[in-house]
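Each remark here refers to the structure printed beneath this line.
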Amino acid sequence: MKNILYELIKPYKTVAFVGLCKNAGKTTALSSILPLCDVPYGVTSIGRDGERTDVVTSTPKPPVFLKKDCFAATAESLFRSCSISKMILNTTGIRSPLGEILIFRSMSDGFAEISGPSTVSQTMAIRDDFFAFGAEKVFVDGSISRRSICSPELCDAVVLSVSAAIGKNENDVAAKAFHAARLLGVPVASEKPMVLNGPLTDSTAADLISGGVRNREVMVHDGSMILLTEKSYERLISRGIIPVCERPIRIAAITVNPYSPYGWRLDPEVLKNKTAELTGLPVINVMEKNG
Amino acid sequence: MVDFDFETREHVGINAYLGHLAPASPYGREALAEAAPYTSADKLLEELDNIAVMMEKRELFPAMRGILGQMKNIDRSLSKPEEYVFEHIEIFEIRKLLFLLEKLRAVLSGISLAGISIPDFASALEVLDPDGKRSPGYYIGGPQWPELESARRRKALAVNEDERLAAWQDEDREEERVRRIISEKLHPMCGDILNTAHAAGKIDLLCEKARVAEELGCVKPQISEKISFKAMRNPRFFKSAEEFTPLDIDLLPGSTVITGANMGGKSVALSTAALCCWLSQSGFYPPAAAAEFVMLDGFHMLWDRGTKSSNLSSFAGEMHALDKMVKAASCGRHLILADELARGTNPAEGAKIAAGATAYLNTLDSFSVITTHYDNVAPEANAHYRASSVRKYAENCTSPEQLFSYGLFKCAPDESCPRDALTICEFLKVDERIMSYIRNNYDTSDS
């Protein structure tokens, strides 16, 4: 049986996995596709990922699987403790609390704890190194509240992950996924827009409204630069102020995890269908085998 | 060797000059941070000659920077005790450094630098890159370590987690054994590798010295019996070289006095002479058209740092520093600089103190330069310079460049200090209400 998620991301070279909350299931999503990837790939993360238990909530987290002859960026101390046979390709000079970030090639199959650099520009450098060393695909495991890794400068497509932890019920989780997806996925500017050089935040939105702007496109570089609450977004739209972007972000899929680390569980089918209905995007339940 | 402290380096423009240098490697940056006056003339001459050699090889700089820029400081690994077993990453770093040194050696093959060389590390490379392919990736393993490879095969073929874990432990143990063997072979060479890495840093710094010497129009200084700089400039005070009027100065043992109007550039002249002396003796080309200097035993400067660091009055602080300086300079040859000595007390006494100090400094074999507004000081020195002269139309001037004709002019010992303070107040457009009172004073004292 085909893995639907893998089929959805197959066309893209660099794919970022972004969670809207802790334990959103993005690493599960990433891990589900890595064994299927039939070309050499590189994996890095923003922040520490692939730990066996989550550092914040102590819930089990899946490690990241590396095939032989693939690439990973991780910190020195994690490098030492992983059971894969490794070839060091480069040390990056980027320091992290777990030691310097280095790039290695896996000389055997196995599982690794991945902890790449924490900024987008450093991650871009790692991505370029991966490609230079022979990777054909690069996967970036994002962290919560680091929306900027969705930047089209870094990746060609994004997989967005949400879990029950983000909302009270199926509708609430779906609505939050929808809001995040519409911000990231804002369309490219069509007319002569008003150009914003920084992010579009709630306070920028308030300034636009109080400044009397109406029926105008407001352009940011890309959707990761829009940090609006649902309320602010709605307020802008009601005045005809349409957020648009210069470079679009492609959302390849949304994954849902019906389990919350805090104990409750949502109906997986309802959650999946609601989210798909609202966003119009392919939705996959990560806790279900083969999507 | 007494050297200028950090604040004085900043004040006279040494840091501004050194700020133009940007070595590519951590070893080069370390060498730059350690820049200080040489005590051995032979070593200094070697360095100055090496800069000249490098200036002829500018076409090689991009290639050298490309190599040097990839270096990391791995002194910590290279200084480990002999029984220490290197980590995988450390062996990778040592290997990479050796690759880079080998490349640097190739680029430098046609250049001979005095006292600096990059030796061949063939035997170390034999250990770390047995197939000689120089491929960047480093993997502990290969056919020469059959036990390690067999553990890895077992790990790959393991059918369950227990087997896998057991095989991995074997692999881990074998890998450590291999690292121990490699470490034992490397340890005797680590000292040489470390020294060579630092030699590469010196080469890095030489490239930067040569580049900056050309960019700032500097000259190779000559060791001599006198200090003499022609057309010296101070990068602290200009953005482009044309903004600075070149200054000439000759210093003989004993004292030299610089007088001149306020804002006329006495302190700049003093700082620039200090800068050029320091740079020359520290193995840099000074920004001048011609440079002769004397090997000195110390560099001292008295200048107004404000009284922020002590609770002494500025006069007490200055006298305290003068005392310390005179004691420190009591044997050997020194450069002693004093900016407006004894200006913080009443002018009649200040003049006597400045004149007395100048007379004493004139008896020494050291080189002293004193700037002052007091008339009776210059006759006590063996040379007298005037910094700039004022053109007399302050009202029409919009910039100091229009008011002053800048320069450093040799003049007679008894030439009195200029009386330009009033002109300068006019230039500065001091409020007319107060100016009328000031002028009143001038009229009564002149009559």
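The sequence lines fix the lettering, A, B, ..., with proteins before strands; numbering per chain opens at 1. Reckoned from all heavy atoms, side chains included, excluding hydrogens, waters and symmetry mates. Keep in mind it's a predicted model, so treat the numbers as computed, not measured.
Interface residue A/Phe79: only side-chain heavy atoms are found under 4.5 Å from chain B. Contact of A/Leu102 with chain B is made through the side chain alone, with heavy-atom distances under 4.5 Å.
When each of A/Ile149, A/Val15, A/Leu30 is checked for a side-chain contact (heavy atoms from CB on, under 4.5 Å) with A/Val140, only A/Ile149 meets the rule.
The side chain to side chain donor-acceptor pair (under 3.5 Å) check on A/Ser224 picks up A/Asp222, with sequence neighbours excluded. Listed by chain and number, the residues in a salt bridge (charged side-chain N to carboxylate O under 4.0 Å, His left out) with A/Glu246 amount to none (sequence neighbours excluded). Remark: A/Tyr41 engages no residue in a side chain to side chain donor-acceptor pair (under 3.5 Å) (not counting sequence neighbours).
The distance from atom CG of A/Asp141 to atom OG1 of A/Thr44, rounded to the nearest 0.5 Å, is 9.0 Å.
Of all heavy-atom pairs spanning A/Phe71 and A/Gly134, the tightest one is CE1-C, 3.9 Å.
Between A/Ser32 and A/Leu5, some side-chain heavy-atom pair lies under the 4.5 Å cut-off.
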Quick one: donor-acceptor pairs under 3.5 angstrom, chain A versus chain B?
residue	atom	partner	partner atom	Å
A/Arg80	NE	B/Glu87	OE1	3.3
A/Ser83	O	B/Lys155	NZ	2.6
A/Ser83	OG	B/Arg164	NH2	2.7
A/Ser85	OG	B/Lys155	NZ	3.0
A/Ser85	OG	B/Glu171	OE2	2.5
A/Ile88	N	B/Tyr138	O	2.9
A/Ile88	O	B/Tyr138	N	2.7
A/Thr91	OG1	B/Lys72	NZ	3.4
A/Thr91	OG1	B/Glu93	OE2	2.8
A/Glu100	OE1	B/Lys72	NZ	2.6
A/Glu100	OE2	B/Lys72	NZ	2.7
A/Ser108	OG	B/Lys155	NZ	3.3

